[in-house]
Amino acid sequence: MISKRRRLDSEDKENLTEDASKTMPLSKLAKKSHNSHEVEENGSVFVKLLKASGLTLKTGQNQNQLGVDQVIFQRKLFQALRKHPAYPKVIEEFVNGLESYTEDSESLRNCLLSCERLQDEEASMGTFYSKSLIKLLLGIDILQPAIIKMLFEKVPQFLFESENRDGINMARLIINQLKWLDRIVDGKDLTAQMMQLISVAPVNLQHDFITSLPEILGDSQHANVGKELSELLVQNTSLTVPILDVFSSLRLDPNFLSKIRQLVMGKLSSVRLEDFPVIVKFLLHSVTDTTSLEVIAELRENLNVQQFILPSRVQASQSKLKSKGLASSSGNQENSDKDCIVLVFDVIKSAIRYEKTISEAWFKAIERIESAAEHKALDVAMLLIIYSTSTQTKKGVEKLLRNKIQSDCIQEQLLDSAFSTHYLVLKDICPSILLLAQTLFHSQDQRIIVFGSLLYKYAFKFFDTYCQQEVVGALVTHVCSGTEAEVDTALDVLLELIVLNASAMRLNAAFVKGTLDYLENMSPQQIRKIFCILSTLAFSQQPGTSNHIQDDMHLVIRKQLSSTVFKYKLIGIIGAVTMAGIMAEDRSVPSNSTQRSANVSSEQRTQVTSLLQLVHSCTEHSPWASSLYYDEFANLIQERKLAPKTLEWVGQTIFNDFQDAFVVDFCAAPEGDFPFPVKALYGLEEYSTQDGIVINLLPLFYQECAKDASRATSQESSQRSMSSLCLASHFRLLRLCVARQHDGNLDEIDGLLDCPLFLPDLEPGEKLESMSAKDRSLMCSLTFLTLNWFREVVNAFCQQTSPEMKGKVLSRLKDLVELQGILEKYLAVIPDYVPPFASVDLDTLDMMPRSSSAVAAKNRNKGKTGGKKQKADSSKASCSDTLLTEDTSECDMAPSGRSHVDKESTGKEGKTFVSLQNYRAFFRELDIEVFSILHSGLVTKFILDTEMHTEATEVVQLGPAELLFLLEDLSQKLENMLTAPFAKRICCFKNKGRQNIGFSHLHQRSVQDIVHCVVQLLTPMCNHLENIHNFFQCLGAEHLSADDKARATAQEQHTMACCYQKLLQVLHALFAWKGFTHQSNHRLLHSALEVLSSRLKQTEQEQPLEELVSQSFNYLQNFHHSVPSFQCGLYLLRLLMALLEKSAVPNQKKEKLASLAKQLLCRAWPHGEKEKNPTFNDHLHDVLCIYLEHTDNVLKAIEEITGVGVPELVSAPKDTASSTFPTLTRHTFVIFFRVMMAELEKTVKGLQAGTAADSQQVHEEKLLYWNMAVRDFSILLNLMKYGRRFVEAFLKQCMPLLDFSFRKHREDVLSLLQTLQLNTRLLHHLCGHSKIRQDTRLTKHVPLLKKSLELLVCRVKAMLVLNNCREAFWLGTLKNRDLQGEEIISQDPSSSESNAEDSEDGMTSHVSRNRATEDGEDEASDEQKDQDSDESDDSSS
């Protein structure tokens, strides 16, 4: 305390400095001339003693002069008073003299200001500054009480006076004399007077007086002061800040601080923003290790910065409409608020950095929040702040963020709110935020990668120019990283940033331009994004800017287009088309700059035209390059709206080129020597010889094959010709141009829908076996080309509204299904056939040849002498543009998700059944709009109904085969888009995932767009599902005659069953989509559920989500009666489970789900679907898991199967099944056993251990439950892996229960342990059996199992000791035996492993020890009441 008193008070020092500047202008030599201003003694003891001690009083504004050191003065004055004859009365006279002297305000002022020192500095023994007279007198103990009393009597007269002209406030100056005294004589009295003074002082002085208390009072008075201030805090909330500031400097009791903290926390929501920093500082500094989590949790709940920021922004926006003066005032207030917020978080950051307890408490407070609704923007900001404070906290914050993101607790809206509210604080930790985003980008989970991208996005949006530059640099680094997920996400973020702030992105365009050096390692989709970003930056609205980027892009594109290497030319084509689309994009033009913009548009149109002509000239001699160009251009037209004049020029050019290349008159007979008769096939109308058009397919294709010899020496031909391989891609470009020009109307090209093609008769019939290999390949290639033509035709005209058009589209769909059947016949006899390519997209990039001529030469060199011509001519793909044969082998593997009926197999007669799924890369992709055909109805009974608004007289049908064709494609699309696996790190995109082959157009659309389209199809899909349901119900009706049943052929039933399955797969893929959890997609989910619920009852008013889920579940569960296959039943269960995930109370429907699963298990399925079928076994495993996971009593369900189904199976003939559970056969028994054992182990682990505090009823219920579990275990016991797990669960969960239940339920406990003892003995035999058989699959579990059995023995003994029955336990050696009970004699008895068996007496504590078994072995025994029998392990023999 003494050291504290010797410190210089800051305010006192400041006052001394001000006074010195005004009253000490003279030198030391001049000070002697001031004697005339001395105060006369006039017999005053006060003046006389001061002068004798070395201090001279001055009049006026002159400083009192101190001639000796301050300490010497105090000692002299003290001695003078003590030695004075009138002591102690002289003290009173001295103080009265001081009072009389200080009645004059100028004299009082002089006494309160520092004295002037006259002695040399070197002679000073004290401090280098001078104290005031009052301060010196207060340092004398015998004078201090009286002078303090005098000062407090003086203060009130100055409380309400304003400051003097020299800026001195007398009241403050008086109180400053009391600071940092070396000793306080009467601290209690001083405290009382200070608090009394504070209570009557004005507010401005109250703040100063309160904050001065720690500097005035001693430590012994801190508790009293704290109590007084707490009462004042309750009475006057305006003094909260100074009082809390004082509390931080006082030594107070922790319990008292806890009460103050609670009081302050309750007022936190109503305090002013400028008070927040001090309040938060007090709260954080007053926490302890035990209270930190509680305090931080409360602070997190009450600290709401948004309530101050958002109103200020509204006020600022409103002030803009007022005068400039008001706007300026509002702006100052907003800046002040921002400064306060920064101060608050500076306090928090300081506490987190230097107090590990506070950092951990913040972390735990956020970690224990489970629901997304409870999370606040402050949580995200605090995690980012904690992440930036120390390297030790980074891993923990990253892990917590990952968990929160994966559980959807932290979503985009919350992150946006965090940045918009706390951007002033977060911008200071921008490097840490970017480091966190970079770390999250390396995750395997796509949701975490997206969160990292949002960090980049909002950092760019809210931070300054420097941070924006760092963000762009980091994103460019990700783009060049070579990791697929990183590159895709980083490019998407860059595209968003251009939309967000294009001007800021232009400043950083030089960074983005560097990605041009890494195009070689990117996929086509990524190349498109790169050129889209650069083109948008280069061809901005501001003329004359970013010209260097334009030049660089033109150089790169021209260089790549002129290359003969496939990959580089692909880059050039994609880049040129993308850049042309940006340049020619139709933009709205302001009216005041019409002429200028028109000139610019004319110049850019010229550039676009020349660029497209360059691309066309560089690709016209290569079919694959032309096809890629047409597809890229088609995608561009579909995505962007081009300027009308540019679109008109493009449309006319494409129309003329297509007509000249592929269309001929019907009357023009094809010329040439063809191996097959040429006919005009697949026409939908009867043409006369004078009119009509035909697609000239066969003559073109055959002509190209005939030119193969000349192309072998030179790939590029000087003669311009259009390849038949470009027919489908060229038509796609043509129809999109026409649709864009005429708002979707295709009347201009509707003749191509029904026109025939020049083809041979593709149906092989009986001629297939006699055909040569060349002819087979030729016919197969023509079939592929025809299929792809029809697929594009269906894509083009599927949305036309004319009834006649719709009928023709359905006819083309039937042609597609027919051609697929023909194609399968050809492919079955041509195992090495390589089809012509259909499209060149991102998935076929690595499969394409590097040089067409090189591949053609390679194929010829490989061919044999007699067959190389046939090989070259048989397939157009081998002429110049086929995919490599070795690459197609990778596509032959069927995806794991396909049904077993789709896979290739060999029949009993040796015929090969081909799956066209393996050739998906060689088919043109169906657009998502094609599935609008599903509205057309089902099966032969229905024609196009009123829903299609048709008036056609011709009967048009959508048969089962066509429905299955559409559903299979839709199911594959949804599986690819909605159930995509987590992002995988693939270096340099080599061996890119084949799952995306054939979905390039699909991936250019957003997932939300796809889901929206499928939701629109729910109504027709429900119609089809109900019709198929009725079909199978009628088929199974007992009253149906045999003739009626015979009409439904096996093939028709199989097709309908496949349609049933695909419909359920589509619905499951839709409702299992994880994107429904996001807030932005809730409307989509609501719409989908409304469609399903409306099938039961129509409601006009909007229903809550829970009701919709319940009604949808009830609707779908009605279909379980008619499921035609076990696999359909499984998909129905999965669909219902996906619906239950959307429910807030899924337990209400769980039992119904279990009942449906049990009905599938108890139903007899067709023979052949379950016999040794691995796919069926997998499905059975899933259904059984669903049943046991959703039933309300797992143990009862297992006991039913083991107690009823298994005995029926054992007593049944060899090839039959259980009558109760027909799916339980000798082949599927292992599946049943494995699932039941795993569920049993999981169930007993979930049982809570018993405690002594539990009621008697709880003990009984748990005992019954464990009895049932042990019974099930005894039936199922076979595998040691599950046996050990059960024993471990028994030790942890059941033994504590037995400890407390043994005395009251001895019989039940004995019975339970006896049953378990038999099981553990069998486990011991299993260990011996595994060693004899040397089965490594079993022996690896032996050590852990033996350990668990030994622990069980020790645990049972401990239970007996606890219940005072230790004598009931005895131990013996158990011999090693095999499963048949025979002793294993090959082992040395001395080395045989001992197994302690548990034993105890049922009623009494004594056990008969004269027990001997037939083998002479001892073992642990359980004695029962009135029974003394053998328990040897071979007693049953």
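Heads up: numbering here begins at 1 and tracks the sequence. Values reported hereafter were calculated over all heavy atoms of this structure, with side chains retained and with hydrogens, waters and symmetry mates removed.
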To the nearest 0.5 Å, tell me how far [X] [atom1] sits from [Y] [atom2].
{"X": "Leu642", "Y": "Ile582", "atom1": "CG", "atom2": "CD1", "value": "10.0 Å"}
{"X": "Met583", "Y": "Thr609", "atom1": "CE", "atom2": "OG1", "value": "9.0 Å"}
{"X": "Ile557", "Y": "Cys618", "atom1": "CD1", "atom2": "SG", "value": "11.5 Å"}
{"X": "Tyr630", "Y": "Ile573", "atom1": "OH", "atom2": "CD1", "value": "11.0 Å"}
{"X": "Gln560", "Y": "Leu516", "atom1": "CD", "atom2": "CG", "value": "9.5 Å"}
{"X": "Leu823", "Y": "Tyr919", "atom1": "CG", "atom2": "OH", "value": "8.0 Å"}

Between Trp789 and Phe731, does the ring centroid distance fall short of 6.0 Å?
yes
Compute the ring centroids of Phe784 and Phe923, then answer whether they are less than 6.0 Å apart.
yes
State, without any angle test, whether [X] and [Y] hold a side-chain donor-acceptor pair at a distance under 3.5 Å.
{"X": "Thr515", "Y": "Asp517", "answer": "no"}
{"X": "Asn656", "Y": "Gln652", "answer": "yes"}
{"X": "Tyr568", "Y": "Ser562", "answer": "no"}
{"X": "Asn508", "Y": "Gln468", "answer": "no"}
{"X": "Asp631", "Y": "His1001", "answer": "no"}
{"X": "Tyr629", "Y": "Glu620", "answer": "no"}

Taking the side chain as every heavy atom from C-beta outward, state whether [X] and [Y] have any pair of such atoms under 4.5 Å apart.
{"X": "Leu785", "Y": "Leu727", "result": "no"}
{"X": "Leu734", "Y": "Asp657", "result": "no"}
{"X": "Gln638", "Y": "Gln1004", "result": "no"}
{"X": "Asn976", "Y": "His1003", "result": "yes"}
{"X": "Leu782", "Y": "Phe701", "result": "yes"}
{"X": "Phe633", "Y": "Leu736", "result": "no"}
{"X": "Gln526", "Y": "Glu484", "result": "yes"}
{"X": "Ile749", "Y": "Phe655", "result": "yes"}

I need the minimum non-hydrogen distance between Leu700 and Phe662, along with the two atoms involved.
CD1-CD2, 3.5 Å
For the residue pair Ile637 and Cys737, what are the closest heavy atoms and their distance?
CD1-SG, 3.1 Å
Are the side chain of [X] and the backbone N or O of [Y] linked by a donor-acceptor pair below 3.5 Å?
{"X": "His742", "Y": "Val738", "answer": "yes"}
{"X": "Asn788", "Y": "Ser729", "answer": "no"}
{"X": "Ser627", "Y": "Pro623", "answer": "no"}
{"X": "Ser453", "Y": "Val493", "answer": "no"}
{"X": "Arg1005", "Y": "Ile1010", "answer": "no"}
{"X": "Ser777", "Y": "Lys774", "answer": "no"}
{"X": "Arg791", "Y": "Arg924", "answer": "yes"}
{"X": "Thr483", "Y": "Ala485", "answer": "no"}
{"X": "Glu925", "Y": "Ser1000", "answer": "yes"}

Let's go through Glu496 and Lys529 carefully: what are the C-alpha distance in whole Å and the side-chain angles of both, what is the deciding distance for salt bridge (charged side-chain N to carboxylate O under 4.0 Å, His left out) to 0.1 Å, and is it a yes or a no?
CA-CA 11 Å; Glu496 290 183 20; Lys529 293 178 181 179; over 6 Å; no
side-chain contact (heavy atoms from CB on, under 4.5 Å) between Phe999 and Met977: does it pass, once the steps are laid out?
CA-CA 9 Å; Phe999 298 117; Met977 287 292 289; over 6 Å; no
Holding to ring-ring contact (aromatic ring centres under 6.0 Å, His included), I want the full list of residues that pass it with Phe531, two or more places apart in sequence or in another chain.
none
Which residues pass the ring-ring contact (aromatic ring centres under 6.0 Å, His included) test with Phe797, sequence neighbours left out?
none
Cationic N near anionic O, under 4.0 Å, Asp927 to Arg735
yes
Charged N to carboxylate O under 4.0 angstrom, Arg528 versus Glu632?
yes
Quick one: side chain to side chain donor-acceptor pair (under 3.5 Å) pairs with a partner in residues 469-482, sequence neighbours left out?
Tyr456-His478, His478-Glu486, Ser481-Glu486
Decide side-chain contact (heavy atoms from CB on, under 4.5 Å) for Leu916 and Leu827; before the verdict, give the C-alpha distance in whole Å, the side-chain angles of both, and the deciding distance to 0.1 Å.
CA-CA 9 Å; Leu916 294 182; Leu827 293 175; 3.7 Å; yes
As a quick check of understanding, evaluate side-chain contact (heavy atoms from CB on, under 4.5 Å) for Phe460 and Leu494, giving each step before the final call.
CA-CA 10 Å; Phe460 187 90; Leu494 287 173; over 6 Å; no
Taking atom CZ as the centre, does Arg558 end up with more than 12 heavy-atom neighbours from other residues, nucleotides or ligands that are less than 6.0 angstrom away?
no
Surrounding CD of Glu648 (heavy atoms of other residues, nucleotides or ligands, distance under 6.0 Å), is the total greater than 12?
no
Given the rule in the side-chain contact (heavy atoms from CB on, under 4.5 Å) test, do Thr786 and Leu759 qualify, once you have shown the distances and angles that lead to the verdict?
CA-CA 9 Å; Thr786 308; Leu759 289 170; 3.5 Å; yes
